[in-house]
Trainee: 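Could you have a look at this structure, given as structure tokens, before my questions?
We use all heavy atoms of the structure for the numbers below, so side chains are in, but hydrogens, waters and symmetry mates are not. In what follows, chains are A, B, ... by sequence order, proteins preceding strands, each numbered from 1.
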There are 2 protein chains.
Amino acid sequence: MDRFVSTFTNKLDAKGRVSIPAPFREVLARDGYSGGQPTGPAGGGIYCYPALDTPALDAGGESLASKIDALLTGLSDYSDERDQLSVALYGDVHILKIDGDGRIVLPEELKRHAKLEGEVTFVGLGQKFQIWQPQAFEAYRADARGRARDHRQLFAGRRSGGDEPSGG
Amino acid sequence: MDRFVSTFTNKLDAKGRVSIPAPFREVLARDGYSGGQPTGPAGGGIYCYPALDTPALDAGGESLASKIDALLTGLSDYSDERDQLSVALYGDVHILKIDGDGRIVLPEELKRHAKLEGEVTFVGLGQKFQIWQPQAFEAYRADARGRARDHRQLFAGRRSGGDEPSGG
DNA sequence: TGGGCATCTATGGGATACGATGGGTTGGCA
DNA sequence: TGCCAACCCATCGTATCCCATAGATGCCCA
């Protein structure tokens with residue numbers, strides 16, 4: 001299974017376009033973002049929506065959409081809870097088409113949520129990726145590293161041995 | 001199972017390239033770093049990221065990637081906690097492609113973290129290996145030896161006797 | 001048992017394809 | 001008819017690939 005990994009910072013041009021990092025495009029292609037052809041539900045394009053907890057955008061291909069579906073099917077039909085969640089999860093989703101040069105255009109609403117302008121940072125999270133305003137991302141990342149350290153300690157405590165991935 | 005062992009010091013050339021020690025390449029090949037073919041998640045290449053606690057880089061093949069996945073499984077999808085950990089674990093990872101001559105190019109971000117320039121030292125750690133600035137590694141090694149000695153004393157206390165593996 | 005040869009690894013450099021960017025142009029829709 | 005989105009090009013810096021060299025190692029044969 002392919003994963004989105006690494007971080008890349010690209011420029012947002014005057015038209016609001018930004019290149020998706022080539023490695024991410026590669027993963028999307030395999031995942032079936034259906035780049036152009038109406039292969040998947042999206043009919044071509046990537047799924048992108050404001051992250052619920054952070055000033056960032058979540059994005060991914062078909063598998064991301066499937067995950068959202070799976071999350072909803074876990075809830076009973078006709079429940080108000082489900083409807084609310086559906087609105088929250090689907091209501092803000094934008095399907096961004098990838099042009100011939102591997103770029104997308106970020107809608108005003110999405111740019112506003114993440115306060116994007118000038119440059120944007122793409123960060124891989126494995127199954128999906130996020131889009132951040134560079135400085136905001138640095139702060140978030142610093143915090144995330146700290147938590148990862150704590151998390152690792154926890155694991156170290158209940159593992160037999162061996163070295164941890166992020167160990168040092 | 002193959003392991004990364006020994007230390008090697010190679011030169012970083014003007015283009016930022018450095019040869020991976022042949023023995024390590026051998027281990028990576030068996031581990032399935034998928035050198036070139038889009039066989040694994042990496043689509044070819046090794047996983048490399050800044051060590052959290054030391055000025056060094058951790059690197060390895062597919063098995064290292066699996067370990068990262070293992071850390072994330074168990075966390076519910078779409079939780080902010082998972083996203084944060086993903087950023088720390090995947091966001092810092094770089095997939096370094098091994099060229100036809102067995103070399104990799106170290107990105108600026110990674111070189112900065114480990115203060116690499118001129119020469120770099122590869123250290124085998126069993127399932128993964130690290131990349132250090134030579135002097136920094138010497139200092140670290142000296143310290144590690146001291147600790148190993150202490151550790152050995154502990155072991156000696158509860159062993160029948162005999163000679164210790166790491167003597168010297 | 002010593003010399004010579006075939007390999008392999010580590011490096012340096014040149015040539016090239018690809019990714020990221022900036023702009024112009026066309027077609028559609030309001 | 002004015003604005004925006006999709007498309008097409010051209011440019012440029014850099015990552016990749018290929019080739020050549022040098023030193024070290026191990027092997028074969030005289």
Side-chain angles (χ1 to χ4, degrees), chain A residues 4-30 33-38 42-46 48 59 94-112 116-124 129 131 134, chain B residues 4-29 33-38 42-46 48 94-112 116-124 129 131 134:
Chain A
F4 293 102
V5 301
S6 278
T7 73
F8 304 86
T9 295
N10 288 339
K11 284 177 188 156
L12 202 57
D13 70 18
K15 295 182 181 179
R17 296 176 301 185
V18 61
S19 291
I20 291 183
F24 285 13
R25 290 204 298 266
E26 192 62 31
V27 177
L28 286 168
R30 271 196 251 286
Y33 77 94
S34 45
Q37 311 87 352
I46 66 174
C48 187
H94 287 252
I95 291 178
L96 308 181
K97 198 169 166 192
I98 299 179
D99 71 18
D101 298 323
R103 288 181 284 197
I104 53 175
V105 175
L106 289 171
E108 201 48 50
E109 182 194 340
L110 295 181
K111 281 196 291 191
R112 206 181 321 122
L116 304 177
E117 63 175 321
E119 292 196 319
V120 302
T121 295
F122 292 79
V123 51
F129 62 90
I131 299 176
Chain B
F4 294 103
V5 298
S6 274
T7 73
F8 304 85
T9 296
N10 288 338
K11 282 177 189 157
L12 202 56
D13 70 17
K15 294 183 181 179
R17 295 177 302 186
V18 60
S19 291
I20 292 183
F24 285 13
R25 290 204 297 266
E26 191 62 31
V27 177
L28 286 168
Y33 77 93
S34 47
Q37 310 87 353
I46 66 174
C48 187
H94 285 253
I95 291 178
L96 308 182
K97 201 166 165 196
I98 299 180
D99 71 19
D101 300 321
R103 289 181 284 196
I104 52 174
V105 175
L106 289 171
E108 201 47 51
E109 183 190 339
L110 294 182
K111 282 195 291 191
R112 208 181 319 123
L116 304 176
E117 63 175 321
E119 292 195 319
V120 303
T121 296
F122 292 79
V123 185
F129 62 89
I131 299 177

Trainee: With sequence neighbours excluded, tell me which residues meet salt bridge (Lys or Arg N to Asp or Glu O under 4.0 Å) with R103(A).
Mentor: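 Once residues adjacent in sequence are excluded, the partners of R103(A) under the salt bridge (Lys or Arg N to Asp or Glu O under 4.0 Å) criterion are D13(A), D99(A), D101(A).
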Trainee: Near DNA chain D, under 4.0 Å by heavy atom, which residues of residues 11-18 of chain B?
Mentor: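 Correct list: K15(B), R17(B).
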Trainee: State, yes or no, whether a side-chain contact exists between F8(B) and I20(B) at a heavy-atom distance under 4.5 Å.
Mentor: no
Trainee: For the residue pair F24(B) and V5(B), what are the closest heavy atoms and their distance?
Mentor: CE1-O, 3.2 Å
Trainee: Dump the pairs, protein N or O against N or O of nucleotides 19-27 of chain D, anything under 3.5 Å, distances to one decimal.
Mentor:
residue	atom	partner	partner atom	Å
dC19(D)	N4	D101(B)	OD2	2.9

Trainee: For N10(B) and V18(B), indicate whether the former's side chain and the latter's backbone hold a donor-acceptor pair under 3.5 Å.
Mentor: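 Here the side-chain-to-backbone pair does not exist.
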Trainee: For the pair made of CZ in F8(A) and C1' in dA15(D), what is the distance, rounded to whole Å?
Mentor: 13 Å
Trainee: Please report the distance, rounded to the nearest Å, between CD in E26(B) and C1' in dT9(C).
Mentor: 13 Å
Trainee: For residues 116-123 of chain A, which side-chain N or O atoms pair as donor and acceptor with protein atoms under 3.5 Å away, sequence neighbours left out?
Mentor:
residue	atom	partner	partner atom	Å
T121(A)	OG1	T9(A)	OG1	2.9

Trainee: Looking only at non-hydrogen atoms, find the nearest pair between L96(B) and P107(B) and report the distance.
Mentor: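 Where L96(B) meets P107(B) most closely, the heavy atoms are CD2-CD, 3.7 Å.
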Trainee: Between L110(B) and C48(B), what is the shortest heavy-atom contact and its length?
Mentor: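 Heavy-atom minimum between the residues: CD1-SG, 3.8 Å.
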Trainee: Whole-Å distance between dT21(C) P and D99(A) CG?
Mentor: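 After rounding, the gap between these two atoms is 13 Å.
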Trainee: Compare every heavy atom of F129(B) with every heavy atom of G124(B), then report the nearest pair and how far apart it is.
Mentor: CA-CB, 4.0 Å
Trainee: Is there a residue in residues 104-112 of chain B whose heavy atoms reach under 4.0 Å of DNA chain C, and which residues are they?
Mentor: none
Trainee: Could you write out each protein N or O paired with an N or O of nucleotides 27-30 of chain C at a distance under 3.5 Å?
Mentor:
none

Trainee: Quick one: K97(B) NZ to dT14(D) P, roughly how many Å, whole number?
Mentor: 19 Å
Trainee: Rounded to the Å, how far apart are N10(B) CG and dC8(C) C1'?
Mentor: 14 Å
Trainee: Just to confirm, is there a sub-4.0 Å distance from OP1 or OP2 of dA10(C) to any side-chain nitrogen or oxygen of R25(B)?
Mentor: yes
Trainee: Provide, to the nearest angstrom, the distance between the CD1 atom belonging to I20(B) and the P atom belonging to dT9(C).
Mentor: 13 Å
Trainee: Is E108(A) salt-bridged to K111(A), going by a charged N under 4.0 Å from an acidic O?
Mentor: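 Here E108(A) pairs with K111(A) in a salt bridge, since their nearest N and O are under 4.0 Å apart.
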Trainee: Report the distance from atom CD1 of I104(A) to atom CD1 of I95(A), rounding to the nearest 0.5 Å.
Mentor: 13.0 Å
Trainee: Report the distance from atom CD of E119(A) to atom P of dA20(C), rounded to the nearest whole Å.
Mentor: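 Atom-to-atom, E119(A) to dA20(C), this comes out as 14 Å.
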Trainee: With rounding to the nearest 0.5 angstrom, report the NE2 to OG1 distance, H94(B) to T7(A).
Mentor: 5.5 Å
